[in-house]
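To start, the structure itself, in structure tokens.
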Amino acid sequence: MSLKLYNTLTRRKEEFKPITPGKVGMYVCGITAYDVCHIGHARSAVVFDVITRYFRYAGFDVTYVKNFTDVDDKIIERANREKTTIGDVSERFITRHNEDMAAIGVEPPTVTPKATENIDGMIRLIRTLEEKGLAYAMDGDVYYAVEGFRGYGKLSGRNLEDMLAGARVDVNERKRNPLDFALWKGSKEGEPWWDSPWGPGRPGWHIECSVMSQRYLGETFDIHGGGEDLIFPHHENEIAQSEGAYGKPFANYWLHNGFVRINSEKMSKSLGNFFTIEEMLRRYAPEVLRFFMLQSHYRSPVDFSEESLAEARQGMDRCYSTLKLLQDALKAGEGTAETAPAVLTGKEKDLAEVLSRLPERFAEAMNDDFNTARALGYVFDAIRHLNGFLLDKTFIVNSASMAVLHQARETLDGIGRVFGLFLVDPERYLLEDREREAAKRGLDVAEIERLIAGRREARENKDWHRADEIRKELAARQVVLKDGPSGTTWSIQ
RNA sequence: GGCGGCAUAGCCAAGUGGCAAGGCAGCGGUCUGCAAAACCGUUAUUCACCGGUUCGAAUCCGGUUGCCGCCUCCA
């Protein structure tokens with residue numbers, strides 16, 4: 001089955017054809033390291049993490065490059081404010097970024113180059129552009145001459161006239177065309193600088209990505225990704241730089257993730273309405289955040305709210321309750337003959353069929369522009385069947401049922417590894433969830449357990465009235481009790 | 001002003017012209033001392049609105065309305 005993905009460049013879904021069969025080269029624009037990451041950064045990271053994992057699951061050898069911008073106006077500003085160096089600021093936030101990403105289960109990219117480690121390459125590329133008449137120096141700055149590049153605007157679907165007509169006027173009189181952008185900026189007093197043919201200066205923002213992508217992936221590579229706000233001007237300018245210099249296509253497919261919104265408004269640092277990853281992880285399990293994001297298609301906007309996160313938590317609790325049941329059943333069946341009967345029958349056969357279909361349906365959804373929402377729908381379908389099987393009164397431990405349950409575990413593990421879900425020990429997940437929710441609500445766990453102990457006593461004496469009173473009392477605090485054969489367990493609603 | 005996107009149940013959300021996935025919430029049932037969880041059933045004669053193409057449209061085309069994004073740093 002072929003994999004289709006939506007290409008921003010052509011505005012349609014296209015079949016993915018790698019340059020080298022079986023390999024994928026992907027470049028994604030990373031962060032500017034001047035502040036802590038928010039959940040918008042998390043979404044982008046999770047989206048491309050899952051895309052990478054899926055390509056690998058599908059058998060591709062992926063080289064995933066994600067850069068760090070470690071020299072830029074905001075970093076300089078912050079370094080000056082804190083009376084330190086840009087290296088100090090960027091290192092601090094790169095470390096924080098890596099910690100946050102690890103915390104939400106994002107696997108590190110193959111290569112994570114930094115802009116400041118590629119200054120030589122940038123100077124070489126700017127010289128090439130100068131030689132081709134696509135760049136001009138002006139008082140220590142170097143600008144890209146957009147009029148010299150015929151394809152300018154092709155990614156964002158604009159043309160130069162339209163942009164000039166509606167442009168907010170840039171008062172930089174050194175530019176020949178207001179849309180020309182800086183490749184190199186002469187450094188002012190107090191700014192970091194590198195030697196260059198144009199005097200001491202620092203790189204413009206866009207040039208680093210052209211250089212680093214080419215360095216690790218070649219002049220033409222498969223996929224370029226990033227947040228949708230980068231389409232213009234950043235990615236448009238990258239195309240102008242790379243294609244202008246090398247005379248060949250830059251990236252074959254452009255993938256852009258949609259934004260995180262807060263109350264239907266874009267969340268961003270400039271608007272100040274953002275939640276940091278760290279903040280969110282105090283309130284929700286990492287997998288809840290991932291699940292929440294993956295329930296929407298990566299190109300759609302996603303609205304963060306207390307309610308929607310709470311719903312996502314319920315959804316994950318449902319999954320983990322099933323995983324717990326599955327784990328318990330497998331434990332109970334340990335030592336049962338490993339070899340399954342050659343032919344399954346009845347309920348085992350039905351469930352085995354559902355499970356066998358799941359990877360196919362999963363691939364069908366993911367091959368359609370990484371439709372994680374649809375794929376998760378299929379997972380829930382399988383979970384429903386699995387619950388029915390596990391809680392059926394006629395369930396017995398034997399080699400047939402164990403074979404099917406092992407199949408369930410393997411199938412869910414396989415999909416879980418792509419999504420970065422279902423990877424925690426179920427017992428631990430549910431316990432941590434309970435503790436996190438108890439802390440959020442300011443509940444006293446010791447007191448809850450005391451009440452439960454009191455209720456056990458009442459139940460042993462068949463004092464149902466007293467037992468129900470305690471249940472009610474706890475229910476008022478959103479504590480839900482579950483009486484099982486091995487005692488009472490509790491969770492938070 | 002220019003360019004682009006979106007509009008599907010109470011909420012979130014998938015939907016590739018051929019009977020509208022899934023999650024959360026609700027309701028009825030089974031189970032249970034009572035519950036909870038789980039399972040079964042149920043909840044959109046209808047996909048913002050108006051036209052058109054078609055045997056057939058949530059899906060394609062045109063228009064209207066509303067929301068959002070980009071055009072300035074941004075994931």
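Chain letters run A, B, ... following the sequence lines, proteins first and then strands; every chain starts at 1.
- Contacts between residues 294-308 of chain A and RNA chain B, defined by a heavy-atom separation under 4.0 Å, are made by A/Q295, A/S296, A/H297, A/S300.
- A/F389 is linked by a ring-ring contact (aromatic ring centres under 6.0 Å, His included) to A/F395, counting only residues two or more places apart in sequence or in another chain.
- For A/E311 against B/rG23, a side-chain N or O and a base N or O form a donor-acceptor pair under 3.5 Å.
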What string of B, S and - do you get for nucleotides 32-38 of chain B, 5' to 3', if B is base contact, S is sugar-phosphate-only contact and - is no contact with any protein heavy atom under 4.0 Å? -BBBB-S
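- Within the structure, side chain to side chain donor-acceptor pair (under 3.5 Å) contacts touching residues 370-387 of chain A (residues at least two apart or in different chains) are A/T322-A/N387, A/R361-A/D381, A/E364-A/R374, A/E364-A/Y378, A/D368-A/R374, A/D381-A/R384.
- Taking the ring centre of A/Y253 as origin, the terminal cationic atom of A/K17 falls outside the region bounded by 6.0 Å and 45° from the ring axis.
- A donor-acceptor contact shorter than 3.5 Å links the side chain of A/E236 to the backbone of A/L155.
- Distances from the side chain of A/R261 to the nucleotides B/rC68, B/rC73, B/rA75 place B/rC68 closest.
- The separation of B/rG15 from B/rA48, taken at their P atoms, amounts to 15 Å, rounded to a whole angstrom.
- Side chain of A/Y320 to backbone of A/V424: a donor-acceptor contact under 3.5 angstrom is found.
- Enclosure of atom NZ in A/K4 is not indicated, since only 12 or fewer non-hydrogen atoms of other residues, nucleotides or ligands lie within 6.0 angstrom.
- The salt bridge (Lys or Arg N to Asp or Glu O under 4.0 Å) pairs that include a residue from residues 65-75 of chain A are A/D73-A/K185, A/D73-A/R202, where partners are two or more places apart or lie in different chains.
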Side-chain donor-acceptor contacts of residues 25-48 of chain A below 3.5 Å, not counting sequence neighbours, with atom names and distances?
residue: A/Y27; atom: OH; partner: A/N67; partner atom: OD1; Å: 3.3
residue: A/H38; atom: ND1; partner: A/G40; partner atom: N; Å: 2.9
residue: A/H38; atom: ND1; partner: A/H41; partner atom: N; Å: 3.4
residue: A/H41; atom: ND1; partner: A/H38; partner atom: N; Å: 3.0
residue: A/R43; atom: NH1; partner: A/G258; partner atom: O; Å: 2.9
residue: A/R43; atom: NH1; partner: A/F259; partner atom: O; Å: 3.2
residue: A/R43; atom: NH1; partner: A/S300; partner atom: O; Å: 2.7
residue: A/R43; atom: NH2; partner: A/H297; partner atom: O; Å: 3.0
residue: A/R43; atom: NH2; partner: A/Y298; partner atom: O; Å: 3.4
residue: A/R43; atom: NH2; partner: A/S300; partner atom: O; Å: 2.7
residue: A/S44; atom: OG; partner: A/N257; partner atom: OD1; Å: 3.1

